[in-house]
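These notes are about the structure you will find just below.
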2 protein chains.
Amino acid sequence: MKKAKISNRYGYFDEATGEYVITRPDTPTPWMNYLGEGKYGGIISNTAGGYSFDRDPKNRRVTRYRYNAIPVDQPGRYVYLRDQESSEYWSPTWQPIPGRKLETYECRHGAGYTRITSQYRGIWAELLYFVPHDLSPSPSPTKEVEVPCELWVLRLRNVSDRPRRLRSFSYVEFSNWNAEADLNNLDWGQHILHSHIREGIIYTGTVFRPTTTFFASSLPPRGFDTNREIFIGSYRDLSNPIVVETGKPSNSQAARGNNVGMLCHEFRLKPGDERELIYILGVTEMPEHVTPLVARYRQSKNVKAAFAALKADWDAFISKFQVETPDAEMNAMLNVWNQIQCRATLFWSRFVSAYETGLGRGMGTRDTAQDTLATVQNAPERVRQNLSTLWRLQFQDGHTWHQLFPLTGEGGVGLAAEYPEYPQWFCDDHLWLLMAVCAYLRETGDFSYLDERLTYTDGGDDPLWGHMQRAVDFTLTHRGPHGLPRLGFSDWDDTMNLDHGSGKAESVMAAQQFCRAMLDLAELCDHIGKGEDSRRFRVLKNEMAAIINQFAWDGEWYTRAFDNEGKPVGVQAEEHHKIGLNTQTWAVIGECAPEERGKQAMHRAHA
Amino acid sequence: MKKAKISNRYGYFDEATGEYVITRPDTPTPWMNYLGEGKYGGIISNTAGGYSFDRDPKNRRVTRYRYNAIPVDQPGRYVYLRDQESSEYWSPTWQPIPGRKLETYECRHGAGYTRITSQYRGIWAELLYFVPHDLSPSPSPTKEVEVPCELWVLRLRNVSDRPRRLRSFSYVEFSNWNAEADLNNLDWGQHILHSHIREGIIYTGTVFRPTTTFFASSLPPRGFDTNREIFIGSYRDLSNPIVVETGKPSNSQAARGNNVGMLCHEFRLKPGDERELIYILGVTEMPEHVTPLVARYRQSKNVKAAFAALKADWDAFISKFQVETPDAEMNAMLNVWNQIQCRATLFWSRFVSAYETGLGRGMGTRDTAQDTLATVQNAPERVRQNLSTLWRLQFQDGHTWHQLFPLTGEGGVGLAAEYPEYPQWFCDDHLWLLMAVCAYLRETGDFSYLDERLTYTDGGDDPLWGHMQRAVDFTLTHRGPHGLPRLGFSDWDDTMNLDHGSGKAESVMAAQQFCRAMLDLAELCDHIGKGEDSRRFRVLKNEMAAIINQFAWDGEWYTRAFDNEGKPVGVQAEEHHKIGLNTQTWAVIGECAPEERGKQAMHRAHA
């Protein structure tokens with residue numbers, strides 16, 4: 001295989017390790033990586049900005065992040081270092097002191113971890129961030145329980161030629177778990193969170209529920225702070241906190257206000273000396289389990305084992321799908337980065353990212369169904385689990401909720417309040433589910449899945465196969481004047497909100513998707529011996545294709561949709577919205593014959 | 001009258017001007033003032049932090065503010081100054097460069113305006129901020145229209161002994177009006193706002209609606225920027241924007257992303273020279289009216305006249321109520337500051353403040369009713385208008401919505417989603433409305449108000465007097481096991497959420513409030529010759545007082561409430577919630593006889 005030459009002025013892909021290496025901190029925008037896999041996790045930038053949450057970024061936010069603010073990409077998972085002789089301080093991750101020029105800097109975004117290394121004034125430092133997978137076997141005699149957490153491993157080395165005395169100051173800002181209220185309801189939020197320290201562990205909680213954020217380290221701290229304003233000081237910011245500037249922790253135990261995790265340590269390093277300091281950050285409803293968990297990860301060998309387990313898990317995931325094409329960059333993308341991204345979306349859809357704040361819209365039904373398509377070969381069990389969650393969002397009439405929240409699995413279209421007069425369903429959601437099930441069965445042959453009983457969101461249940469019939473029926477019974485699927489709130493294009501109450505708006509895209517889904521179902525039925533059903537699905541496909549070709553083809557272009565008055569959108573006379581055969585998504589997915597144009601070709605494309 | 005000695009290490013009250021003078025910028029928290037009066041306006045701190053909106057801070061936000069963020073109290077209405085010889089730059093309002101020590105600093109928070117003055121390296125500078133009241137007579141031949149706006153007046157003086165060349169750079173960050181989406185929906189918000197400049201005026205808008213934010217100045221700008229990231233530069237912040245550091249505006253016209261208002265001017269000042277620069281910031285649905293408005297306020301004389309009109313308006317407001325007590329501090333508070341605060345709450349309730357973000361809860365029905373009590377002598381017309389808005393929130397059964405949004409006047413309890421099993425009404429809201437109407441009538445004698453027809457939120461209408469009967473009836477028909485008012489979601493104490501569905505929770509506070517309201521109504525009826533009604537209200541008061549005294553008095557203390565199981569809260573044995581006679585609000589408001597204790601005294605307190 002040829003070497004991939006994926007690089008630019010900010011970094012390169014390291015084929016030997018599968019890591020993306022960022023060689024300077026001042027990337028045009030923060031370059032994000034994902035930590036964790038569907039339970040505890042979050043995002044981390046190449047300069048340690050980002051935040052953590054437990055399963056749900058809206059209702060179980062653990063740490064804060066200020067999206068789109070100035071300064072950019074703050075706060076995060078920071079450690080300040082201070083030279084006790086010179087009083088100079090810096091951050092080995094560059095941020096939050098971007099004014100300080102580090103002598104060396106490198107960030108390695110790997111699968112499930114990020115490692116940032118730098119050097120300043122003869123001190124080499126490395127911070128490795130990851131979420132451990134392995135919570136068993138237990139090192140303690142107590143019953144094993146899952147306590148969601150992340151680990152930060154700081155390594156320091158004196159590469160100068162004289163003894164050095166350093167202090168370190170961690171910084172992480174705690175959310176009160178409801179990220180939205182934490183941001184907007186200051187009247188409430190600023191009075192409920194408080195922190196205390198016991199046996200070197202910071203506990204942050206409220207009197208209202210047992211939920212407790214904890215933050216600890218592998219070495220006894222020399223001091224600490226949990227009150228943000230005391231740590232930072234009046235009219236200062238994260239680039240010059242007063243406690244770091246003076247080097248003196250104030251041991252503040254926040255009774256309210258903004259709570260942070262600052263543990264201070266001191267290191268005396270002879271030339272060549274190296275030290276390791278492990279930070280443990282997590283959240284739990286069972287505070288009594290914090291002590292054994294912290295005890296476990298205070299031991300370097302357990303952290304090393306956890307990191308090895310993480311690597312092994314990712315290797316297993318990625319090894320299930322490897323391509324070799326003549327294009328080395330394509331190989332790198334498909335074999336590594338695409339799979340890392342797809343695993344993140346499998347768990348969190350597009351709910352958290354560099355610009356999705358994790359506050360608003362939950363996970364999309366359509367998106368989450370699509371996300372299974374790219375991961376069905378790597379994680380078929382999880383795909384089946386996600387599909388079942390999505391099918392449980394289906395109503396008895398066949399349509400589904402458009403969105404769901406990952407913590408509860410509850411659905412919601414989220415649009416009724418703002419647009420009560422619009423249809424409250426999307427015409428493509430349930431069709432994606434049909435296609436996703438077919439893709440899952442093609443990959444796994446797990447046909448018994450069709451018999452699994454799943455509930456409807458408005459009561460009752462059915463085997464999956466019954467749910468699928470109702471999805472087909474919903475499109476068939478919700479058609480507009482031409483016999484095309486009604487558009488609903490929109491189709492795949494979220495902004496195509498053409499139905500303002502008339503019921504005349506129709507989606508050609510959904511009609512084409514319906515054809516594709518009917519072919520998928522027909523093939524499935526052929527394979528499992530349901531010949532009668534197969535014939536029915538092919539007839540349905542043919543009927544819909546005929547309608548498309550009769551009403552949506554103007555001789556040169558396919559109409560994109562019909563609007564609230566039943567008028568075509570995207571015809572010869574218009575500049576936008578026109579669908580040519582060769583650029584048409586479903587034609588490409590289907591058996592496209594690009595050389596043939598016109599009705600016949602379109603018909604065959606879905607045949 | 002004795003001089004008030006209101007002062008501390010951060011400032012003092014200047015009795016001569018009625019201003020609060022802040023003498024150092026680093027106050028422990030930002031000290032906020034209000035600009036505007038119910039239409040366009042906002043908050044401004046003693047270092048120019050804060051934001052503006054047009055009527056509604058949630059749906060018509062004009063500029064951004066980052067609550068509870070680090071750095072604190074940013075952004076705001078800033079002007080940077082740069083010495084073109086030394087390249088040194090500073091902000092005459094201290095923020096957003098708190099690291100720069102100014103040689104002098106003073107902020108004067110007045111009624112409806114804020115003036116910040118400082119000196120640095122021989123340059124004296126003053127910034128005066130206010131919202132003009134006077135939009136007529138029109139200086140232009142076009143039809144007069146109201147274009148909401150604010151003015152910043154910068155004055156510069158060279159107090160050094162050499163000629164100076166300065167550049168100024170304004171900075172204000174534009175919201176996309178929906179403040180919540182602007183903060184949380186970056187996927188959308190980062191793609192819709194764009195800016196262009198024409199005739200020295202920055203226009204910021206979207207393609208979706210005519211709403212346009214505009215920003216202009218009285219002198220032709222030498223350059224400008226509207227793209228935040230270009231102005232600030234990579235990984236910089238408001239303390240060191242690259243454009244200010246280099247002194248070179250880049251003339252960026254933002255096509256999307258974060259839009260800001262930066263206009264750059266150059267000044268050549270001989271020793272003793274003074275210059276004035278006026279900034280005009282506003283929002284409108286009629287962009288064609290921006291040019292005449294800007295033309296008007298580009299003229300210093302019109303700005304001076306507007307400021308004089310503002311002062312006259314406030315003098316008229318405040319002069320309607322003046323007290324003279326032996327306590328000078330009390331006089332200053334009642335005659336100036338309390339009235340400024342009360343006028344702000346009259347317009348915006350507690351929707352915007354140093355910690356109320358203007359995002360979440362709208363204005364409270366209870367709060368807004370209370371806010372009329374303190375302003376009925378100053379602004380009776382506006383009080384009547386507010387009361388009518390509140391009464392339109394009433395349902396036919398007599399209770400009211402608990403909250404409303406000022407832009408639309410629409411109500412909403414806002415709690416049904418989170419607490420569906422709790423009662424969706426508050427037992428005190430409608431009682432406050434009764435008391436507020438009586439206070440209004442006592443002050444104005446405007447008894448015809450009782451005949452004004454007002455709609456109900458769920459259909460139909462009635463004269464105000466009919467609404468008031470229904471408010472009385474609601475309490476009478478929503479009583480618990482003892483005959484006391486059911487607690488509903490809560491009473492005046494928002495967190496007293498004792499009714500979890502049993503209907504047994506009762507509020508002694510609301511019972512006492514009911515007694516007070518019945519007395520108010522009886523007095524009103526006596527005055528307007530409704531003797532029969534007067535007798536009925538006195539009987540209702542006596543009956544409720546008897547119930548209180550029979551069931552809520554344990555011989556030593558009054559019970560605060562009864563909980564979901566009907567058990568008393570706040571009795572002898574408990575540490576909290578106990579109500580003593582002398583500290584009891586309603587008793588103080590009523591004819592309290594503090595020397596008498598026990599049932600008889602309580603009875604008389606409400607007699």
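Here is how names work: the chains are called A, B, and so on, in the same order as the sequence lines, proteins then strands, and each is numbered from 1.
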Which portion of [X] sits near chain A, non-hydrogen atoms under 4.5 angstrom:
X	answer
B:Ser353	neither
B:Asn185	neither
B:Asn258	side chain
B:Pro28	neither

Heavy-atom proximity to chain B below 4.5 Å, by part of A:Thr27
both
Proximal component of A:Pro25, with respect to chain B [non-hydrogen, under 4.5 Å]
backbone
Take atom CZ of A:Arg256 as the centre, draw a 6.0 Å sphere, and report whether it contains more than 12 heavy atoms from other residues, nucleotides or ligands.
no
With chain A, the option among B:Arg228, B:Gln190, B:Arg64, B:Glu173 that has the most non-hydrogen atom pairs under 4.5 Å is B:Arg228
Only pairs of heavy atoms separated by less than 4.5 Å count here; which of B:Leu186, B:Val72, B:Asn68, B:Thr357 has the most with chain A?
B:Asn68
Classify the ring geometry between [X] and [Y] as parallel (under 30°), tilted (30 to 60°) or perpendicular (over 60°).
X	Y	result
B:Tyr422	B:Phe489	tilted
A:Tyr67	A:Tyr65	perpendicular
A:Tyr78	A:Tyr171	parallel
B:His402	B:Phe426	parallel

Just so I understand: if I count every heavy-atom pair under 4.5 Å between each of A:Gln95, A:Glu229, A:Arg236, A:Gln74 and chain B, which residue has the most?
A:Gln95
Between A:Asn184, A:Asp237, A:Asn240, which has the largest tally of heavy atom pairs under 4.5 Å with chain B?
A:Asn184
Member of A:Trp94, A:Tyr89, A:Trp90 meeting the ring pair (Phe, Tyr, Trp, His ring centres under 6.0 Å) criterion with A:Tyr120
A:Trp90
Cation-pi check, A:Arg61 to A:Tyr51: give yes when NZ or CZ is under 6.0 Å from the six-membered ring centre and within 45° of the ring axis, no otherwise.
yes
